[in-house]
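Below: one structure, written as structure tokens.
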Protein chains: 2
Amino acid sequence: MQMTPMDKKSFDIAIKYLKIERIKKGEFLVREGQICNKIAFIHEGLFRIYNLKEGIEINTCFCKENSITSSFNSFIHQIPSNESIQSLEDSVIVTLSSANLINLYKESSIWQNIRLLLTEKECLRLSDRANSLSFESALEKYKNLIKYQPEIIQRVSIQHIASYLGISRETLSRIRSQID
Amino acid sequence: MQMTPMDKKSFDIAIKYLKIERIKKGEFLVREGQICNKIAFIHEGLFRIYNLKEGIEINTCFCKENSITSSFNSFIHQIPSNESIQSLEDSVIVTLSSANLINLYKESSIWQNIRLLLTEKECLRLSDRANSLSFESALEKYKNLIKYQPEIIQRVSIQHIASYLGISRETLSRIRSQID
DNA sequence: GATATTTTGTGATATATATCAATTGAAACA
DNA sequence: TGTTTCAATTGATATATATCACAAAATATC
């Protein structure tokens, strides 16, 4: 789940509940089957979220600095996650535990609102993704990635991008050589 | 946007803001480009939500009795809708205007909560849809539709179902003759 | 009830993309 | 610096599904 920066004031209220963590490249924030016990504000670095579909990893989201990542449904409802979150670069994150999130809600109602806004934004992202995955050609998908998330192409390996776009490694490779 | 029934008590609070409407088959709740000014609780009937993609209608959701339909993003933010909602059967709906939704929020904070829950549920639906559209074969898509939304197959025409599943009319027709 | 219109089914063909296999290139390592 | 390991490219082939064209049902209209 990728989200935008939040307003400064609300952030200050939360500061006592937050914890800074350093994550090495390749380490996991959550693994499938675990309950996700925190939400992470990415200060520096990059993560991928992926599912397993018949033993194959399908990337569903890349989350970079100044956004939030978490296994959303697992975190909110404290149920086992159906997805894994792995860092693709050495990263610095600021985390909030589910226990402290409840404290935060008690302390300031603005956080409930923020949660709503973020969730609505996630709906839009998922809706766009559904359309892109099923109604765009491989070439269109790649061009739109360049257009809307250009940094991803610089920072993520071809195989992970192909998985995210729902096309094969080979097809993406051929598309790239055509474009340049 | 399809949602589940809500709790009786919250519903009673809202009752003075609600209005009953009858919609004939083929009529529209919203058309693309209009601002969606109401949310509809479907008492009886069936609707489809669709987008235009290069002049072709793509169905994104079917909404039946005991669920809610609205052009979600348009309604919440009062911006022009990018989708249309059309009834597929003569329908009876209970509507709430955006103005009255604000009244409702003032009167009872539970409605903010309900909105959040519904939005989160919609996220899950969209996430499932994204996966289904891009990683399932035509046959799997159809089988899952039978499994999870069997009534749709009885009540909706083949062409609309095909559009919803992201496959061609002809392919769906062939799949159906194989299965029976 | 007969005719027109729309929807669905079936066959032939085209096409985008997957898959398999081999090669090249790049990064990690000792 | 050379060797090992992993990632990306390229070619050949297979395959699912789209598209086109037409026939058959079903539904609507007069």
Side-chain angles (χ1 to χ4, degrees), chain A residues 24-27 46 48 50-59 62 86-90 129-146 151-180, chain B residues 24-27 46 48 50-59 62 86-90 129-146 151-180:
Chain A
K24 283 255 166 73
K25 176 176 174 175
E27 285 179 358
L46 181 64
R48 71 177 175 119
Y50 69 90
N51 292 119
L52 284 183
K53 170 92 185 167
E54 284 153 26
I56 296 164
E57 296 177 1
I58 309 284
N59 294 318
F62 297 114
Q86 185 186 33
S87 70
L88 297 174
E89 299 173 358
D90 291 351
R129 179 164 164 80
N131 284 328
S132 168
L133 282 172
S134 52
F135 302 114
E136 289 170 5
S137 69
L139 179 61
E140 286 174 310
K141 287 175 188 175
Y142 187 64
K143 281 187 173 170
N144 282 326
L145 186 66
I146 293 174
E151 337 81 281
I152 294 303
I153 294 170
Q154 311 304 321
R155 295 165 71 179
V156 178
S157 70
I158 298 299
Q159 56 184 353
H160 279 147
I161 292 174
S163 160
Y164 174 70
L165 296 178
I167 59 183
S168 73
R169 222 172 69 239
E170 294 93 329
T171 295
L172 181 54
S173 183
R174 279 182 255 266
I175 284 170
R176 277 157 54 90
S177 65
Q178 272 189 337
I179 283 182
D180 310 321
Chain B
K24 282 256 166 73
K25 176 176 175 175
E27 285 179 357
L46 181 63
R48 71 177 176 121
Y50 69 89
N51 292 120
L52 284 181
K53 171 89 185 169
E54 286 154 24
I56 296 164
E57 296 177 0
I58 308 284
N59 295 317
F62 297 113
Q86 185 185 33
S87 70
L88 296 175
E89 299 173 358
D90 292 351
R129 178 165 164 80
N131 285 329
S132 167
L133 281 172
S134 53
F135 302 114
E136 288 170 4
S137 69
L139 178 62
E140 285 174 311
K141 287 176 188 175
Y142 186 64
K143 280 187 173 170
N144 282 327
L145 186 66
I146 292 174
E151 337 81 281
I152 295 303
I153 294 169
Q154 311 304 322
R155 294 165 70 179
V156 177
S157 70
I158 297 299
Q159 55 185 353
H160 280 146
I161 292 173
S163 161
Y164 174 72
L165 296 178
I167 60 182
S168 73
R169 222 174 71 238
E170 295 92 329
T171 295
L172 182 53
S173 183
R174 279 182 256 267
I175 283 169
R176 276 159 53 91
S177 65
Q178 271 190 338
I179 282 182
D180 311 321

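These numbers come from a predicted model, not from an experiment.
In this structure, K141(A) places its NZ atom 14 Å from P of dA16(C), rounding to the nearest Å. For the pair L165(A) CG and dT17(C) C1', the computed distance is 14 Å after rounding to whole Å. Between the CD1 atom of I58(A) and the C1' atom of dA18(C) there is a distance of 13 Å, rounded to whole Å. Distance CZ (R174(A)) to C1' (dA8(D)): 11 Å, rounded to an integer number of Å. When rounded to the nearest whole Å, the span between CZ of R169(B) and P of dT17(D) equals 17 Å. Taking atom CD1 of residue I161(B) and atom C1' of nucleotide dT7(C), one finds them 13 Å apart after rounding to whole Å. Atom CG of L172(B) is separated from atom P of dA16(D) by 17 Å (rounded to the nearest Å). A straight line from CD of E54(B) to C1' of dA18(D) spans 14 Å, rounded to a whole angstrom.
Atom NZ of K53(A) has more than 12 heavy atoms from other residues, nucleotides or ligands within 6.0 Å.
Of all the residues in residues 153-160 of chain B, S157(B), I158(B), Q159(B) reach under 4.0 Å from DNA chain C with at least one non-hydrogen atom.
Residue S168(A) places at least one side-chain N or O closer than 4.0 Å to OP1 or OP2 of dA18(C). Side-chain N/O atoms of S173(A) include one lying less than 4.0 angstrom from OP1 or OP2 on dT9(D). Between S177(B) and dT10(C) there is a side-chain N or O to OP1 or OP2 distance below 4.0 Å.
Looking at S87(A), its side chain does come within 3.5 Å of a backbone N or O of G26(A) through a donor-acceptor pair. Remark: side-chain polar atoms of T171(B) are not paired, donor with acceptor, to backbone N or O of I167(B) under 3.5 angstrom. K141(B) places a side-chain N or O within 3.5 Å of a backbone atom of L133(B) that can act as its donor or acceptor partner. Side-chain N or O atoms of S163(A) include one that pairs as donor or acceptor with a backbone N or O of N59(A) at under 3.5 Å.
For G166(B) and K25(B), each mapped to the nucleotide of DNA chain D holding its nearest heavy atom, the one lying further toward the 5' end belongs to G166(B). Along DNA chain C, the nucleotide nearest to E170(A) and the one nearest to S137(A) differ in position, and the one closer to the 5' end is contacted by S137(A).
Between R48(A) and E57(A) there is a salt bridge, with a side-chain nitrogen of the basic residue lying less than 4.0 Å from a carboxylate oxygen of the acidic one.
Contact annotation for I167(A): backbone-only contact, meaning every heavy-atom pair under 4.0 Å involves sugar-phosphate atoms and none involves a base.
Here the side chains of L172(A) and I161(A) are in contact, with some heavy-atom distance below 4.5 Å.
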